[in-house]
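Residue numbering restarts at 1 for every chain, and letters A, B, ... go by the order of the sequence lines. Not measured: the values here are computed from a predicted model.
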Amino acid sequence: DGGITQSPKYLFRKEGQNVTLSCEQNLNHDAMYWYRQDPGQGLRLIYYSQIVNDFQKGDIAEGYSVSREKKESFPLTVTSAQKNPTAFYLCASSMGQGAGNTEAFFGQGTRLTVV
Amino acid sequence: GDSVTQMEGPVTLSEEAFLTINCTYTATGYPSLFWYVQYPGEGLQLLLKATKADDKGSNKGFEATYRKETTSFHLEKGSVQVSDSAVYFCALREIQGAQKLVFGQGTRLTINP
């Protein structure tokens with residue numbers, strides 16, 4: 001089955017630690033995205049990538065980093081510089097530029113909690 | 001930049017009531033429009049979409065019509081069920097630049113039996 005997989009589903013981070021959230025897709029999509037969702041809030045874009053080896057900051061990139069070494073994978077690292085990382089993180093993918101009438105597909109999310 | 005505005009929630013209805021969730025947008029050109037649904041603890045699922053003016057998207061009894069005159073894409077359902085309780089997001093895909101998805105703030109819907 002084609003889809004987008006996030007892991008782990010739940011993640012706990014100690015103060016001062018970096019953690020990496022995994023996102024893998026087998027939909028052959030060029031574009032991938034990371035969003036943050038806080039309780040009762042909408043989605044805020046952290047980073048996005050339109051093609052392998054290229055990515056851009058979204059609206060709230062501070063304290064986060066990403067890489068896009070493979071088309072299928074777009075991991076997100078939450079660094080110790082992110083002062084309030086407790087949130088629900090959603091990864092998405094879509095066909096790239098030139099396919100603007102197509103939707104994005106979402107993973108099931110990772111809930112990150114600072115302990 | 002492009003933006004999407006949804007009606008404020010939460011919305012609480014009784015089973016079999018008529019549902020409308022308002023969505024308006026500001027955009028360059030005529031972007032594709034989407035409604036997504038999020039059940040508790042899960043990711044977003046596409047509910048329906050419309051890619052050009054006057055298109056009607058429909059799925060599972062939900063409908064939305066792309067109205068360029070009013071820049072709106074309101075979600076409707078004639079008779080809601082308890083299982084429709086979820087958060088609903090309206091979104092557009094930019095037609096210029098990176099063609100990112102832009103989301104509204106979401107509307108939480110609760111249906112009481």
B:F62/B:Y88 aromatic ring centres below 6.0 Å: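 When the ring centroids of B:F62 and B:Y88 are compared, they turn out to be within the sub-6.0 Å range.
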Could you tell me whether B:Y39 atom OH has more than 12 heavy atoms of other residues or ligands within 6.0 Å of it?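 Yes - once you tally the heavy atoms of other residues, nucleotides and ligands closer than 6.0 Å, there are more than 12.
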At a heavy-atom separation under 4.5 Å, does [X] approach chain B through its side chain, its backbone, both, or neither?
{"X": "A:Q37", "answer": "side chain"}
{"X": "A:Q50", "answer": "side chain"}
{"X": "A:L45", "answer": "side chain"}

Please look at B:Q6 and chain A and tell me whether the side chain, the backbone, both or neither of the residue comes under 4.5 angstrom of a heavy atom of that chain.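 Neither; nothing under 4.5 Å.
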With a 4.5 angstrom heavy-atom cut-off, which part of B:L44 approaches chain A: side chain, backbone, both or neither?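 For B:L44, backbone and side chain are both near chain A.
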Take B:I21 and B:W35 through the side-chain contact (heavy atoms from CB on, under 4.5 Å) test and state the conclusion after the steps. CA-CA 10 Å; B:I21 301 178; B:W35 276 101; 3.7 Å; yes
Has A:R111 got its NZ or CZ under 6.0 Å from the middle of the six-membered ring of A:Y10, at an angle within 45 degrees of the ring axis? no
Looking at B:S85, is its backbone amide N or carbonyl O close enough to the side chain of B:T110 to form a donor-acceptor pair, meaning the two atoms are under 3.5 Å apart? no
